[in-house]
Amino acid sequence: MGKKRNRIKIQGVVQGVGFRPTVYKYALEHSLVGFVLNSAQGVFIEIEGKEKDLDNFLDKLQKHPPPLSRITTFEVDNIPVAGSERFIIKTSEEGDNLNKEVAVSPDIAICDACAQEISDPQNRRYGYAFTNCTNCGPRFTIIHDRPYDRHLTSMASFTMCKQCTEEYENPLNRRFHAQPNCCADCGPVLTLLGVENCADLEPQEYFIDEIRQGAIAALKGLGGFNIACDPFSASTVARLRRAKNRPEKALALMAPSVEEIRKYCEVSSREEDLLRSAVAPIVLLKKINSVLDHICPDNNYLGFMLPYTPLHQMILAQTGILVMTSANLKDEPIASTDREVEKLLDLEICDFALSHNRDIVRKCDDSIVMVVRDKVMTLRRSRGIVPTEIKITANFEEQQEERSISFGANQKNTFALRKGERIYLSQHIGELIDVRNVDFMLEQVRDFTSFFEVKPQKIKLDAHPGYAVRSVDYRIFGQKAENDKEIEIYHHHAHLLSAMAENNLLGKKVVGIICDGTGYGRDGTVWGCEFLQVGRDWKEFVRRGHLRPFPLPGGDKAARETDRCAFSLLQTAQVEKPVRFMTSRYTVFDRMLEQKINSPLCSSAGRLFDGIASLIGLVDKAGYEAQAAMKLQKEAELFYDKYQFDLRNYPLQVKSANKDHLIIGYSEMLNCIIDDLEDQVPLGEIAFGFHSWFAASLFQTAQLTGEKLFVLSGGVFQNRLLLELLLQLFADSPLQVYLNQTAPTNDGGIALGQSVY
């Protein structure tokens, strides 16, 4: 049988994940010759041998690529036989630097093999905090440019010792071309900040000892610093809350094992898989007891993650569970440099810091996910996920060559670059109400446009005239591109498109059920509970339905002072108000509504939830975004978990304003709640009754549209109880429903929707 030679081009996440040594191993197994190399366009292979051996090689490589790889294209061409004598791994090529196509791997949690090494006293990496291999370690947060080679990372200044070099150069070693490869003899070292006379102290041991004694300390991770402390010390947690001005908002936790987490939370098999995954995100898990209630007083869930670096693993083995929250001041970016952490030390946010001398090139906060009816929803897309591309499969020629940037929303901001069918959604930026986050966003825009080599021809913005991105100086791209133009997209339309894009629904007739707090509507009012329909041309939408509008006395103040929402709902519905709404404070609101003074109309589901939480006496003044809604959800869930029978059913009021326009009314529901309050019905029962009413109202409205295909999006669907109730209604019907999973359902997914507009 004669010989053949194939040229193979593979694109996707194929560098820094052990692709070349895998190819090398498979080539030797099948007695093939040739070479493999990394280039700016991906992995290239030229391979030669008997036809049957080549077929078996191709079959195995496609079916069993490296576990951490993600192949997007696999092209094979026949070329003339070259008569190679052996199979070799060539060094990476710079390639055409104007056309880099290789995807970059996100940061990867410590693998089992490295975890075993740092725990083995006989291993040369025993106790070494920066142990990594091809299957784990930092990636996106240390790389300056592509391809992913050591000299283009923040490891460039660390020269490998002889033993590390031998590992790095051996194709059969799992550290072959592991760019951050190092050991205690040649790699980064730990340092202490804010500790006097620390030269003779062992940093890791000092950290552990101080934490045990009640200290609050910053700890450098992959994409930034976290602040750690003992979660079981109520006084220490209270001190941290005072320092961060975070009196009630939930704090994230890190545990040494899933077994430890099970002492406090339910953990399904799907949730366990997520905790143990290479992403190692924060997973929202349902509490089974009240031991850690002070960590998340307003909801029934704890956000847990497992150690994702060797340093985390060694520390947690000694301390047990730790609070592990972002190291920053309220609404500012996570700290990633010693200088930034020293500011936190000066402000007494923490007592000291455990740092190291491997620079973080990109800030990247921890990702957050939750599981609802076995569906994994990403609530914050960041470390371990970014910069994984989102590929749009709709084959519309006019969009294939698009180069654009989408600036997302003001809250939970992310931005997105589009390069043809590929969309790169940035890591979590934060709230653009703070100038430091705006600066961080612009810094990352410069970085992404350079790194992914996208010169935007279109600039896509939220239609809200007051958003921070409306004042961006677009010279940040180096120069304005030809035919540069701004495109405005309505907030809820972008929500709809984000869910359609990731579920491959672009071009189909779809109704989006979009529920959130605030978004600028096409009629100039505040939208937030919308039924928007699109068809073949998804750039156009029709508003098929919405919540009955009500005014917000004081505008944005109503999002914080939730009793304003309650008063307005009662006034709009002409429902008799409880006695507590008869004071002089509410007389002022009455006058504002009557004279239409600073009282914009809204159809917001978020403000509806706020109003109900205030009406039943849970929250009149919210300390942070969505606090009122969270407390309402908590009460409803606690009741439902205890009494899953004889549940309250408030009357539905979905009416047709005209043939194609539906309005969800709420006056009868409010009357029932007031009656229940007078009858001293438990607040949890009322809260659950409201959740059930709202889910049923959304579903009935969906039915009345006469359509069959729906998507859900918007921050209100982070409410697990509401989402479970609504998904169950859809499951029991012939209607199809999809939701955001890859992109956040909250405003962190807006940029994706803008990108496909």
Side-chain angles (χ1 to χ4, degrees), residues 11-13 40-42 70 72 97-106 139-141 143-146 148 361-364 378 381-382 385-394 398-409 412-430 432 437-438 440-462 468-469 472-489 494 497-498 501-502 506 742-744 747-757:
Q11 293 182 313
V13 181
Q41 286 78 45
R70 191 170 65 87
T72 56
N97 286 325
L98 298 178
N99 186 29
K100 295 176 183 174
E101 298 297 336
V102 63
V104 177
S105 167
R139 300 290 197 274
F140 184 61
T141 55
I143 186 173
H144 292 286
D145 201 358
R146 296 176 292 173
Y148 176 59
V361 175
R362 286 180 194 81
K363 298 176 189 287
C364 217
T378 303
R381 180 184 167 95
S382 215
I385 303 175
V386 176
T388 305
E389 66 187 37
I390 299 172
K391 196 169 183 180
I392 305 304
T393 57
E398 68 273 15
Q399 301 219 0
Q400 293 306 301
E401 299 305 318
E402 180 171 316
R403 301 290 186 271
S404 64
I405 184 165
S406 301
F407 278 95
K412 296 178 175 60
N413 177 263
T414 63
F415 63 87
L417 291 184
R418 178 157 182 186
K419 194 173 185 179
E421 62 186 6
R422 301 172 184 176
I423 295 175
Y424 301 97
L425 191 60
S426 78
Q427 71 270 47
H428 171 76
I429 301 296
L432 297 188
N437 273 334
V438 175
F440 173 42
M441 182 266 289
L442 295 179
E443 171 191 304
Q444 292 305 297
V445 166
R446 294 187 192 95
D447 176 45
F448 267 58
T449 51
S450 172
F451 190 82
F452 293 109
E453 297 185 322
V454 178
K455 185 179 181 182
Q457 304 295 313
K458 297 178 182 178
I459 295 168
K460 301 181 180 182
L461 306 165
D462 192 288
V469 294
V472 166
D473 183 347
Y474 299 119
R475 286 176 296 181
I476 57 175
F477 305 128
Q479 63 183 64
K480 297 195 79 173
E482 290 183 26
N483 303 318
D484 190 21
K485 58 181 180 179
E486 298 177 13
I487 300 170
E488 292 185 351
I489 300 129
L497 295 181
S498 73
E502 67 167 273
L506 295 173
T742 300
D747 282 4
I750 286 286
L752 172 62
Q754 293 171 342
S755 284
V756 299
Y757 179 86

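The structure presented is a predicted model; accordingly, all values stated were derived computationally and were not measured.
With contacts defined as side-chain heavy-atom distances shorter than 4.5 Å, the pair Gln457/Lys455 qualifies. Two residues are said to be in side-chain contact when any heavy atoms from C-beta on lie closer than 4.5 Å; Gln754 and Asp462 meet this criterion. Proximity of Ile429 to Phe440: side-chain heavy atoms (C-beta onward) are separated by under 4.5 Å at one or more points. Under the 4.5 Å side-chain criterion, counting only non-hydrogen atoms from C-beta, Thr388 is in contact with Arg381. Using a 4.5 Å cut-off on side-chain heavy atoms (C-beta onward), Pro106 and Val386 make no contact. Looking at Ser404 and Lys460, their side chains come closer than 4.5 Å, going by heavy atoms from C-beta outward. Counting heavy atoms from C-beta outward, Ile392 and Ile423 have side chains that approach closer than 4.5 Å.
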Please evaluate residues Val454 and Ile405 with respect to the criterion side-chain contact (heavy atoms from CB on, under 4.5 Å), reporting the C-alpha separation (whole Å), side-chain torsions for both, the decisive distance (0.1 Å), and the verdict. CA-CA 9 Å; Val454 178; Ile405 184 165; over 6 Å; no
Might you work through the side-chain contact (heavy atoms from CB on, under 4.5 Å) test for Arg70 and Glu389, ending with a clear yes or no? CA-CA 10 Å; Arg70 191 170 65 87; Glu389 66 187 37; 3.4 Å; yes
Decide side-chain contact (heavy atoms from CB on, under 4.5 Å) for Phe451 and Leu417; before the verdict, give the C-alpha distance in whole Å, the side-chain angles of both, and the deciding distance to 0.1 Å. CA-CA 11 Å; Phe451 190 82; Leu417 291 184; over 6 Å; no
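Looking only at distances, no side-chain donor or acceptor of Lys412 sits under 3.5 Å from a matching main-chain atom of Asp747. With hydrogens and angles ignored, the 3.5 Å screen pairs a side-chain donor or acceptor of Thr449 with a backbone N or O of Arg446.
Interatomic distance, CD of Gln444 versus NZ of Lys363, reported as 8.5 Å (0.5 Å rounding). The CG atom of Asp145 sits 6.5 Å away from atom OG of Ser450, with the distance rounded to the nearest 0.5 Å. A distance of 4.0 Å separates CG of Leu425 from OG1 of Thr414, quoted to the nearest 0.5 Å. In this structure, CG in Asp447 is found 12.5 Å from CG in Leu442, a value given to the nearest 0.5 Å. Taken from CD in Glu401 to CD in Glu421, the straight-line distance is 9.5 Å, to the nearest 0.5 Å.
Screening Tyr424, Phe407, Phe415 for a ring pair (Phe, Tyr, Trp, His ring centres under 6.0 Å) with Phe448, the sole residue that qualifies is Phe415. Just one residue in the list Thr378, Ile385, Ile390 forms a side-chain contact (heavy atoms from CB on, under 4.5 Å) with Thr742, and that residue is Ile390.
In plain terms, the two heavy atoms of Thr72 and Lys391 that are nearest each other are O-NZ, 3.9 Å. Heavy-atom minimum distance, Arg418 versus Val756: NH1-CA, 3.6 Å. The two residues Arg139 and Ser105 come nearest to each other via the heavy atoms CB-O, 3.1 Å. The heavy-atom pair separating Ser382 from Gln427 by the smallest distance is OG-CB, 3.4 Å. For the pair Gly420 and Arg403, the tightest heavy-atom approach, listed with the atom from each and the gap, is N-NH1, 3.2 Å. Closest of all the heavy-atom pairs between His144 and Val361 is CE1-CG2, 3.6 Å.
In this structure, Arg422 forms no cation-pi arrangement with Phe452, as its terminal cationic atom is not both closer than 6.0 Å to the ring centre and no more than 45° off the ring axis. Geometrically, Arg362 engages Phe140 in a cation-pi contact defined by less than 6.0 Å to the ring centre and at most 45° from the axis.
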